[in-house]
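Position 1 is the first residue of the sequence; numbering continues from there. Just so you know, ligand 1 is whichever comes first in the structure, and atom 1 is the first atom listed for that ligand.
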Amino acid sequence: MVVVNELIRHRYRILGEIGAGGMSVVHLARDERLNKLWAVKQIRGSSDPVRRDLVVRSLTVEAAMIKGLDHPAIPRIVDLIDDDGDLLVVMDYVEGRTLESIIDSDGPQREDDVADWGVQLCDVLEYLHARRPPVVFRDMKPSNVMLTPDGMVKLIDFGIALESGTEDRPHIGDDRTLGTPGYGAPEQFDPNASVDSRADVYALGATLFHLLTGSDPRRNAIVTVRTIRPGLSEGMERIISRATSACPGDRYAGCVEMAYDLLHYRERDRAHRLMLVRRWRGFLAAVVAVAACLAFGGASLIGAAYVTAIDFDHWMRVGSQSTRPDHARAAYLTAIGIKPSSTAPYGRLIALYTADGILSDAEEYEYNTVITQNAELLRADADEWAALSYETGKMYWYYYAGSSERSTADPPSAEGDQRYARMRAASQWMRDAASNTGFAERSMAGVYADIAEFNMGIVPRINDGSDRGEYGPYFGRLKNLVTAAGRGGNDVLGMDSANLALAAMQVYPRKFRADGVDRADMERLLESVGALIESTVPTTESLDGQRRDAIEGLPCARSAVDNAFVDVTGASR
Ligand SMILES: Nc1ncnc2c1ncn2[C@@H]1O[C@H](COP(=O)(O)OP(=O)(O)OP(=O)(O)O)[C@@H](O)[C@H]1O
């Protein structure tokens, strides 16, 4: 028996009860080790050993199932504890309320909100259905969905979810085996019928029906929603009716299609369409033009979202919640289509493109297209533009794997020409960022731009003999770059900067010396590079390669510096 203030396993301090279901009590607990809140689900004790065994089995199935899942709308299970006969499941604490308690206290919900929750639920159900083998949730209902204060839904209670083809069903009494009457699809209650993902479509339709009408399907039959709330749209009525068709073949074949319709439910409403035409006549033309460029597959959850021209925030949220990078990218591009002057979606795109350590040619093309199209609008906010230019410049500088076309002005380099292609692509962005006098990172942007310009211009200068005096300032900029990389804590930036400095120290040490850089200064720079190498933990193959290059380059650079201070007589200075 768990009591308030009890410390479980020297770690979880029970703070109080936050909910109760048919078979469990859920407590809020503080993790004394991590200083973090968890929800601890305690299984109600049962005097009947058979029932208790069934409950334990169900929970174990739930835990095993969730452990293999990774979706923002599914709370993780982090611990399973047998505490003197009490079975406790420790999981992510979800701040918020269940949709059931929201209907109970506030009645039927706004159509736009229900559509938004529906799309999010389609996203998580689609995620489950796309597992191999597919997972059918089988118990979608308002009490199994929590809504967080920022409008995100979370699916709780995986007690009867089933991996297709698995015979090992948890049996917790008939109702739990079958799903909840009213929400469960008819085939779930037919011993001869097979159950697939369309059962979840049905239950989602029933859940949305309840949210829109306030009529509880456990007590009342599901009817067309406008019989109960005539003010609802035709579009929404059609969606709910199709999802809750008795025959699985008449329902949506999958959640992707259902989500698409939920996103567009208003377009399907004649009255609303007239209103839209009046209000958005001019605007739609522009949005549709942008959306046409997005050309995202029709089978996507978030494909042709352009017509929902007013929900920029929605798409930003979809992007940040999506576990699939292609979905997230499409969401941000849609957000750009809606509000092309906002820099936020571009920043998110940069994060997505660089997550795997490489900005590919295709990604570069996509980004370059949208940012070039909207540059004029973006420039209207000079500070935001400077920050975005700086981030864009860094993306090119550190991650661009595209065209390695070589300019004859590039210095030859053991690392190949790619570094110079990256610098060339980054330099104008850095120059733009550096030109904003109010931009906090202005001087660093200038360092990047100057380093790029040095590298792009040094060969012709050497050729015409006008390079003297260029090396001293270049050395200073390399020092700044390495120092900033050391502070930044980003290993990709660290190793790239280290290798750039090492390349320069191998090629130009005599030039640095001639421009007045002393030996101690050069040695200090090499020490900083050594510290960067030490602090880097290679998490990807490419980072590992860069680190190995740096490790190999360091002694070469050291000996190049030594050589630079050996006089023609052979004496070291
Ligand atoms: N991860 C969580 N974070 C916060 N609260 C939670 C969490 N999980 C459950 N709850 C709360 O506890 C209540 C009971 O949880 P849950 O529905 O999972 O229990 P159950 O015993 O499996 O219910 P059921 O009767 O549906 O079988 C929920 O209604 C919710 O209020």
| Polar-atom distance check: Thr98 versus ligand 1, any N or O pair below 3.5 Å? | no
| message | Quick test of your reading of the model: are Asp31 and Lys36 salt-bridged, counting only N-O distances below 4.0 Å? | response | no
| task | Identify, by atom number and element, the atoms of ligand 1 in contact range of Val94, meaning under 4.0 Å from any of its heavy atoms. | result | 1 (N), 2 (C), 3 (N), 4 (C)
| query | Is it true that Asp79 and Arg9 make a salt bridge, defined as a side-chain N closer than 4.0 Å to a carboxylate O? | reply | no
| field | His71 and Tyr127 aromatic ring geometry - parallel, tilted or perpendicular at 30°/60° bounds | value | tilted
| Which atoms of ligand 1 have any heavy atom of Ala39 under 4.0 Å away? | 1 (N), 2 (C), 3 (N)
| field | Enumerated ligand 1 atoms positioned under 4.0 Å from heavy atoms of Asp92 | value | 1 (N), 2 (C), 3 (N)
| query | Does Glu95 come within less than 4.0 angstrom of ligand 1, counting non-hydrogen atoms of the residue? | reply | no
| field | Glu391 (side chain) donor-acceptor with Ile350 (main chain) under 3.5 angstrom | value | no
| request: Please could you name the atoms of ligand 1 that Ile18 approaches to less than 4.0 Å, counting only its heavy atoms? | output: 4 (C), 5 (N)
| Hey, which atoms in ligand 1 end up nearer than 4.0 Å to a heavy atom of Ser24? | 19 (O), 20 (P), 21 (O)
| Using heavy atoms and a threshold below 4.0 Å, how should the contact between Lys41 and ligand 1 be classified: side chain, backbone, both, or neither? | side chain
| Residue of the set Glu366, Glu364, Arg329, Arg348 for which side chain to side chain donor-acceptor pair (under 3.5 Å) holds with Tyr353 | Glu366
| field | Ligand-residue contact atoms, ligand 1 with Gly19, heavy atoms, under 4.0 Å | value | 12 (O), 13 (C)
| Met146, Arg76, Lys141: member with heavy atom nearest to atom 6 (C) of ligand 1 | Met146
| Can you find an N or O of Ser143 that's nearer than 3.5 Å to an N or O of ligand 1? | no
| request: Specify side chain, backbone, both or neither for Ala20, according to which of its non-hydrogen atoms lie closer than 4.0 Å to ligand 1. | output: backbone
| query | Going from CH2 on Trp38 to CD1 on Ile14, what distance comes out if it is rounded to the nearest 0.5 angstrom? | reply | 13.5 Å
| request: Run the numbers for me: atoms of ligand 1, each under 4.0 Å from some heavy atom of Tyr93, listed by number. | output: 3 (N), 4 (C)
| query | Hey, is Glu100 one of the residues with a heavy atom under 4.0 angstrom from ligand 1? | reply | no
| message | Under a 4.0 angstrom heavy-atom cut-off, which atoms of ligand 1 come close to Met91? | response | 1 (N)
